[in-house]
Amino acid sequence: MRRMGALAGAVALAACGLGGWLAAPVAGAADGPVVHVRLHDFKIRNQDPVTSSGDVTLHVRNAGPSTHEINVDRTSLADGDLPLGPDGLTVDEDAPQLHRIGSIEVLRLGETGDLTLHLPPGHYVLWCNLEGHYLGGMHASLDVKASR
Ligand SMILES: [Cu+2]
């Protein structure tokens, strides 16, 4: 028990070194890799842009100040090159180049969400499609390599 306590303290200290937004260590599903993502107006910062394949848990925190969502799509497109829909303000989610893997539809200010997805090797984009948010810069890439 004492030993466990010391270990937890070390983890908390390391988390502070990352800027403080990583509040607690996260256990990925089935001990798969964890990808730490931070949303804010209007950026998506992916702290782990390269991860290994398998059951990957995205640990997503919305630092606000407004509500956001996060979509995860497999695509060959760069994260900044997604096709816009007819309104010119949002990405066309039905575009044939985009393959939806999962999403968190609503993350309010300060909320954290975990999304566990089975990800084969490939290129993925993380993005928010609330009106104007993608154009504002809310996109990031995630590259998944074969785990060995
Ligand atoms: Cu957004």
Side-chain angles (χ1 to χ4, degrees), residues 8 10-148:
V11 169
L13 203 63
C16 289
L18 291 175
W21 63 271
L22 178 58
V26 180
D31 292 328
V34 177
V35 171
H36 296 89
V37 180
R38 186 186 197 217
L39 311 178
H40 58 100
D41 295 24
F42 291 98
K43 279 267 181 275
I44 296 183
R45 188 173 68 152
N46 180 4
Q47 287 233 139
D48 305 287
V50 178
T51 192
S52 52
S53 59
D55 292 325
V56 178
T57 297
L58 275 70
H59 183 65
V60 185
R61 173 166 147 73
N62 180 12
S66 51
T67 294
H68 295 292
E69 66 170 1
I70 185 167
N71 299 315
V72 181
D73 285 62
R74 189 173 186 178
T75 181
S76 59
L77 300 173
D79 61 275
D81 286 339
L82 305 189
L84 296 181
D87 65 1
L89 293 172
T90 57
V91 171
D92 177 7
E93 302 202 14
D94 297 323
Q97 304 98 314
L98 298 177
H99 308 283
R100 176 62 44 84
I101 307 297
S103 63
I104 300 175
E105 297 286 343
V106 177
L107 271 177
R108 293 186 179 83
L109 170 58
E111 282 184 341
T112 298
D114 286 334
L115 182 62
T116 300
L117 303 169
H118 185 74
L119 300 183
H123 176 69
Y124 299 82
V125 292
L126 316 177
W127 51 293
C128 175
N129 208 24
L130 299 193
E131 195 171 283
H133 290 205
Y134 175 80
L135 288 175
M138 293 199 70
H139 48 79
S141 68
L142 173 64
D143 286 298
V144 177
K145 309 291 186 197
S147 53
R148 304 155 42 89

Which atom of [X] lies closest to which atom of [Y], heavy atoms considered:
X: Val60; Y: Asp114; result: N-OD1, 4.5 Å
X: Val106; Y: Glu111; result: O-OE1, 4.1 Å
X: Asn62; Y: Thr67; result: ND2-CA, 3.9 Å
X: Leu77; Y: Pro83; result: CD1-CD, 3.7 Å

_Contacts of Asp79 that satisfy salt bridge (Lys or Arg N to Asp or Glu O under 4.0 Å) - sequence neighbours left out_ = none
*Can you name the salt bridge (Lys or Arg N to Asp or Glu O under 4.0 Å) partners of Glu93, sequence neighbours left out?*
Arg100
Quick one: side-chain hydrogen bond (donor to acceptor under 3.5 Å, both in side chains) partners of [X], sequence neighbours excluded?
X: Asp87; value: Thr90
X: Gln97; value: none
X: Asp92; value: none
X: His68; value: Asp41, His133

Nearest 0.5 Å please: distance from the [atom1] atom of [X] over to the [atom2] atom of [Y].
X: Arg61; Y: Gln47; atom1: CZ; atom2: CD; answer: 12.0 Å
X: Ile44; Y: Leu142; atom1: CD1; atom2: CG; answer: 11.5 Å
X: Leu58; Y: Leu115; atom1: CG; atom2: CG; answer: 6.0 Å
X: Asp143; Y: Leu119; atom1: CG; atom2: CG; answer: 11.5 Å
X: Cys128; Y: Asn71; atom1: SG; atom2: CG; answer: 7.5 Å
X: Ser76; Y: Leu98; atom1: OG; atom2: CG; answer: 9.0 Å

*So which pairs with a foot in residues 106-130 pass ring-ring contact (aromatic ring centres under 6.0 Å, His included), sequence neighbours left out?*
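For residues 106-130: none.
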Heavy-atom check, side chain of [X] versus side chain of [Y], under 4.5 Å:
X: Pro33; Y: Val144; result: no
X: Lys145; Y: Val50; result: yes
X: Ser53; Y: Ser147; result: yes

*Can you name the residues that form a side chain to side chain contact (heavy atoms under 4.5 Å, CB included) with Pro49, not counting sequence neighbours?*
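Pro49 satisfies side chain to side chain contact (heavy atoms under 4.5 Å, CB included) with Asn46 once adjacent residues are dropped.
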*Would you check if the side chain of Asn129 reaches a backbone N or O of Val91 as a donor-acceptor pair within less than 3.5 Å?*
yes
*List the steps, then state whether side-chain contact (heavy atoms from CB on, under 4.5 Å) holds for His139 with Val125.*
CA-CA 7 Å; His139 48 79; Val125 292; over 6 Å; no
*Run the side-chain contact (heavy atoms from CB on, under 4.5 Å) check on Val56 and Leu117 step by step: do they pass?*
CA-CA 5 Å; Val56 178; Leu117 303 169; 5.6 Å; no
